[in-house]
Novice: 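Take a look at this one; I'll ask things after.
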Amino acid sequence: MKDFSLQGKVYLGASLAGGKPGAMHWVNDAGVLQISPSVSQETRQESHSGQRLTSATLNTSTEVSFTLTLYHGTAKNLALGLYGTERSIVAGTVTDEPIPTVVDGDIVILDRGGISALTIEDSDGAPTTLVEDTHYSIVSADGGVLEMLDVAALTQPLLADYENGAATDLTMFTQQAPIRYLMLDGMNTVDGSGEKVRVRLYKLKFNPVSQLDLINSSFGEISLTGTCLFESSAAMDEALGGFGRIELLEAS
């Protein structure tokens, strides 16, 4: 491979002993994948020439860091940067959800989103059923957002019944730092060369995402960084190495 500019599919999955991958998944469009090897050194200067020339070096550490930029905000991709846990919420029915004490003009956020068939009653012994656009309005059914219009004469707390839509909840910092195996199934795009490349990184430890734009005027992305950990069980095999390997595939 001479001139090169690579593209391809990035797969992540469980990192197993011996530099082996577990079950993998495609991260969808990945705009950047970089590795940054580095060696830290301690130097010694001689003290007899009058010039303090470097006479010896001692390697104190060898590190490989990585950058991975993901363009798709899937739950799995977000969980990597947020140390999150995915939880599937099935469509269902919520009954007697209490609404905090409110006055006219207040905004209420229901526990679930994607609401429909909303009914609200007050807590009087003979409950009053609130009328939409008289006592309250639905600001956003998807967001579960209500505005209270005329509640002064009602007995609180108000109680809401509704149907909620299915969703995937993603918590933040409920997992330890994720460690994943990475494989790039790549191709050289220069002058239509069609050359194929496979890159394997055995044990990536992800840092939390440093910034995640929730409202922005351009395309969003998930910029991930971290460290390639040394896999000692793979290092014993000279064909594998301790961090990973790059395979330049020959045309068949």
Novice: Hey, are the side chains of Arg198 and Arg200 touching, using non-hydrogen atoms and a 4.5 Å cut-off?
Specialist: yes

Novice: Just jot down the ring-ring contact (aromatic ring centres under 6.0 Å, His included) partners of Phe230, sequence neighbours excluded, or say none.
Specialist: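 Partners of Phe230 by the ring-ring contact (aromatic ring centres under 6.0 Å, His included) criterion, ordered by chain and then number, come out as Phe243.
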
Novice: Looking only at side chains, do Thr85 and Gln175 share a donor and an acceptor under 3.5 Å apart?
Specialist: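 Checked: Thr85/Gln175 side chains pair up, N/O donor to acceptor below 3.5 Å.
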
Novice: I want to check something: taking the side chain as every heavy atom from C-beta on, are Met148 and His135 in contact at a cut-off of under 4.5 Å?
Specialist: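 The answer is no; the side chains never approach within 4.5 Å.
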
Novice: What about Leu170 and Leu224, same hydrophobic cluster or not, with Ile/Leu/Val/Met/Phe/Trp/Tyr joined at side-chain heavy-atom distances under 4.5 Å?
Specialist: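 Linked within one cluster.
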
Novice: Atom CD of Glu63 and atom SG of Cys228: how far apart are they, to the nearest 0.5 Å?
Specialist: 10.5 Å

Novice: Can Leu159 be reached from Leu110 by stepping across I, L, V, M, F, W or Y side chains whose heavy atoms are under 4.5 Å apart?
Specialist: no

Novice: Can you confirm whether the side chains of Tyr162 and Arg112 place a donor and an acceptor under 3.5 Å from each other?
Specialist: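 Distance-only check fails for Tyr162 and Arg112.
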
Novice: What's the spacing between Glu86 CD and Thr174 OG1 if we round to 0.5 Å?
Specialist: 10.5 Å

Novice: Can you establish whether the number of heavy atoms outside Ile246 located under 6.0 Å from its atom CD1 is more than 12?
Specialist: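 For Ile246, atom CD1 is not crowded (no more than 12 foreign heavy atoms under 6.0 Å).
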
Novice: May I ask you to test the Leu33-Thr67 pair for a side-chain heavy-atom distance under 4.5 Å?
Specialist: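 No. Closest side-chain heavy atoms not under 4.5 Å.
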
Novice: Closer than 3.5 angstrom, by distance alone: can the side chain of His25 be matched with the main-chain N or O of Leu12 as a donor-acceptor pair?
Specialist: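 Present.
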
Novice: Any chance you could measure Glu221, atom CD, to His72, atom NE2, to the nearest 0.5 Å?
Specialist: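 It is 12.0 Å, given to the nearest 0.5 Å.
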
Novice: Give me the atom names and distance for the closest heavy-atom approach of Ala177 to Lys205.
Specialist: CB-CE, 3.7 Å

Novice: Which residues end up grouped with Leu16 if you chain together Ile, Leu, Val, Met, Phe, Trp and Tyr wherever their side-chain heavy atoms are less than 4.5 Å apart?
Specialist: none

Novice: Sub-3.5 Å donor-acceptor pair from the side chain of Asp161 to the main-chain atoms of Leu118, do we have one?
Specialist: no

Novice: For side chain to side chain contact (heavy atoms under 4.5 Å, CB included), just list the numbers for Val94 and Asp111, CA-CA rounded to whole Å, side-chain angles, deciding distance to a tenth of an Å, and then say yes or no.
Specialist: CA-CA 9 Å; Val94 177; Asp111 284 346; 6.0 Å; no

Novice: If you count heavy atoms of other groups shown closer than 6.0 angstrom to CG of Asn216, is the number above 12?
Specialist: yes

Novice: Quick one: does Ser15's side chain have a donor or acceptor within less than 3.5 Å of a partner on Tyr181's backbone?
Specialist: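 Answer holds: no.
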
Novice: Under a 4.5 Å side-chain heavy-atom rule over Ile, Leu, Val, Met, Phe, Trp and Tyr, are Tyr71 and Leu184 clustered together?
Specialist: no

Novice: Does some side-chain heavy atom of Leu130 sit less than 4.5 Å from a side-chain heavy atom of Glu121?
Specialist: no

Novice: Using modelled atom types and a 3.5 Å cut-off, is there a donor and acceptor pairing between side-chain atoms of Thr189 and backbone atoms of Ser5?
Specialist: yes

Novice: Evaluate whether atom CZ of Arg245 has more than 12 neighbouring non-hydrogen atoms of other residues, nucleotides or ligands under 6.0 angstrom away.
Specialist: yes

Novice: Check whether any side-chain heavy atom of Ile222 sits under 4.5 Å from a side-chain heavy atom of Leu212, and report yes or no.
Specialist: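 Ile222 reaches Leu212 side chain to side chain.
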
Novice: Taking Asp122 for its side chain and Thr155 for its backbone only, find out whether a donor-acceptor pair lies under 3.5 Å.
Specialist: yes

Novice: Given Gln211 and Val209, is the side chain to side chain contact (heavy atoms under 4.5 Å, CB included) satisfied, shown in steps?
Specialist: CA-CA 6 Å; Gln211 176 176 307; Val209 66; 5.6 Å; no

Novice: Would Leu201 and Ile35 satisfy side chain to side chain contact (heavy atoms under 4.5 Å, CB included), going step by step from the backbone distance to the final call?
Specialist: CA-CA 10 Å; Leu201 301 172; Ile35 58 173; 3.8 Å; yes

Novice: Is there a donor-acceptor contact under 3.5 Å linking the side chains of Glu231 and Ser233?
Specialist: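 Their side chains do contain a donor-acceptor pair, which is all the 3.5 Å distance test asks for.
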
Novice: Just do the side chain to side chain contact (heavy atoms under 4.5 Å, CB included) check on Arg180 and Leu80 with the steps written out, would you?
Specialist: CA-CA 9 Å; Arg180 298 289 187 269; Leu80 283 174; 3.9 Å; yes

Novice: Once rounded to the nearest 0.5 Å, what's the spacing between atom CZ of Arg52 and atom CZ of Arg44?
Specialist: 15.0 Å

Novice: Looking at Val102, is its backbone amide N or carbonyl O close enough to the side chain of Gln156 to form a donor-acceptor pair, meaning the two atoms are under 3.5 Å apart?
Specialist: yes

Novice: Rounded to the nearest 0.5 Å, how far apart are CD1 of Ile120 and CD of Glu97?
Specialist: 9.5 Å

Novice: Short question: side chain of Thr171, backbone of Gly84 - any donor-acceptor pair under 3.5 Å?
Specialist: no

Novice: Identify the two heavy atoms, one from Leu182 and one from Val10, that lie closest to each other, and give their separation to 0.1 Å.
Specialist: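 Here Leu182 and Val10 meet closest at CD1-CG1, 3.7 Å.
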
Novice: Quick one, Val139 and Leu146 - any side-chain contact, counting heavy atoms below 4.5 Å?
Specialist: no

Novice: Above 12 or not: heavy atoms from other molecules or residues under 6.0 Å from CD of Gln7?
Specialist: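 Open.
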
Novice: Quick one: list whatever passes side-chain hydrogen bond (donor to acceptor under 3.5 Å, both in side chains) with Ser40, sequence neighbours left out.
Specialist: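 Partners of Ser40 by the side-chain hydrogen bond (donor to acceptor under 3.5 Å, both in side chains) criterion, ordered by chain and then number, come out as Ser61.
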
Novice: Quick check: does any side chain N or O of Glu46 sit under 3.5 Å from a backbone N or O of Leu53, one acting as donor and the other as acceptor?
Specialist: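 Present.
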
Novice: If you look at every heavy atom in Met24 and Met183, which pair is closest and at what distance?
Specialist: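 That would be CE-N, 4.2 Å.
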
Novice: Could you report the tightest heavy-atom contact between Asp104 and Ala152, atom names first, then the distance?
Specialist: OD1-N, 3.8 Å

Novice: Using the side-chain contact (heavy atoms from CB on, under 4.5 Å) rule, pick out the option among Leu229, Thr227, Leu204 that qualifies with Ile179.
Specialist: Leu229

Novice: How about Asp133 and Val131: do any of their side-chain heavy atoms sit closer than 4.5 Å?
Specialist: no

Novice: Do Val108 and Leu149 belong to the same hydrophobic cluster, where Ile, Leu, Val, Met, Phe, Trp and Tyr are linked whenever their side-chain heavy atoms lie under 4.5 Å apart, directly or via other members?
Specialist: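 Result: no, two separate clusters.
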
Novice: Does Ser36 reach the main-chain N or O of Phe66 with its side chain, forming a donor-acceptor pair under 3.5 Å?
Specialist: no

Novice: Are the side chain of Asp213 and the backbone of Ile215 linked by a donor-acceptor contact shorter than 3.5 Å?
Specialist: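 Not confirmed, Asp213 side chain does not pair with Ile215 backbone.
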
Novice: Looking only at non-hydrogen atoms, find the nearest pair between Gly125 and Pro127 and report the distance.
Specialist: O-CD, 3.4 Å

Novice: Verify the distance criterion only: is there a donor paired with an acceptor across the side chains of Gln41 and Thr43 at less than 3.5 Å?
Specialist: no

Novice: Can you confirm whether Asn164 sits close enough to Ile89 that some side-chain heavy atom of one is under 4.5 Å from a side-chain heavy atom of the other?
Specialist: yes

Novice: OG/Ser123 to CG/Asp96 distance, rounded to the nearest 0.5 angstrom?
Specialist: 9.0 Å

Novice: Following the transitive rule for hydrophobic clusters with a side-chain heavy-atom cut-off under 4.5 Å over Ile, Leu, Val, Met, Phe, Trp and Tyr, establish whether Phe173 and Phe206 coincide in one cluster.
Specialist: yes

Novice: Looking at Gly18 and Ala234, what are the two nearest heavy atoms and their distance?
Specialist: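 Smallest heavy-atom distance, with atoms named: C-CB, 3.8 Å.
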
